[in-house]
Amino acid sequence: MKLLPLIGALLISAIPVQAIETFEELKEACNASEEIDNICAGAAEYVGTAAWVSLLCELEAKGILTKENLVLAWDEVVKLNGWTPLSYEAVEDTLKNFPDCSLKP
């Protein structure tokens, strides 16, 4: 009896998956339903916020940005993008990788 679910799992895992290789394919996949569109938007928001935090903290660590300029740049990012709980979570998660970064959520 335990063999039947195993065979089913193997069959499902053998089904080829279409890779998304272009932006048009990504857009089409994300627009498939409202729920998937919301998931794509959330993922984009999280990754975008994490990328900004990483970039700014990395530039500060390398001495390219001063603490003062970092805070000014961060204020501009927040004004441009608006802010959601998901954004705050991305900031907090990313700052774990940059303990000396001057950004504070």
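No hydrogens, no waters, no symmetry mates; every other heavy atom, side chains included, goes into these values. Because the structure is a prediction, the values reported are computed rather than measured.
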Can you tell me how far apart [atom1] ([X]) and [atom2] ([Y]) are? Round to the nearest 0.5 Å.
X	Y	atom1	atom2	value
L26	C40	CG	SG	6.0 Å
T22	E25	OG1	CD	3.5 Å
L103	E92	CG	CD	12.5 Å

Hydrophobic cluster membership, [X] vs [Y], 4.5 Å side-chain cutoff:
X	Y	answer
L65	L55	yes
W74	L95	yes
V47	L56	no
L86	W52	no

Would you please test F98 and E60 for side-chain contact (heavy atoms from CB on, under 4.5 Å) and show each step? CA-CA 10 Å; F98 297 94; E60 180 189 33; over 6 Å; no

Please name the pair of heavy atoms, one in [X] and one in [Y], separated by the smallest distance, quoted to 0.1 Å.
X	Y	answer
A50	A90	N-CB, 4.2 Å
K104	C101	NZ-O, 3.0 Å
I36	A29	CG2-O, 3.4 Å

Check step by step if side-chain contact (heavy atoms from CB on, under 4.5 Å) holds for S33 and D37. CA-CA 6 Å; S33 73; D37 186 52; over 6 Å; no

How far apart are the C-alpha atoms of D93 and Y46, what are their side-chain angles, what is the distance that settles it, and do they pass the side-chain contact (heavy atoms from CB on, under 4.5 Å) test? CA-CA 10 Å; D93 289 347; Y46 186 93; 2.6 Å; yes

Steps toward side-chain contact (heavy atoms from CB on, under 4.5 Å) verdict (N97, S54): CA-CA 8 Å; N97 298 323; S54 295; over 6 Å; no

More than 12 heavy atoms from other groups under 6.0 Å of NZ on K62: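 Counting neighbours around NZ of K62, 12 or fewer heavy atoms of other residues, nucleotides or ligands fall under 6.0 Å, so no.
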
Less than 4.5 Å apart, any side-chain heavy atom of L70 and any of L59?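 A side-chain contact under 4.5 Å is absent here.
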
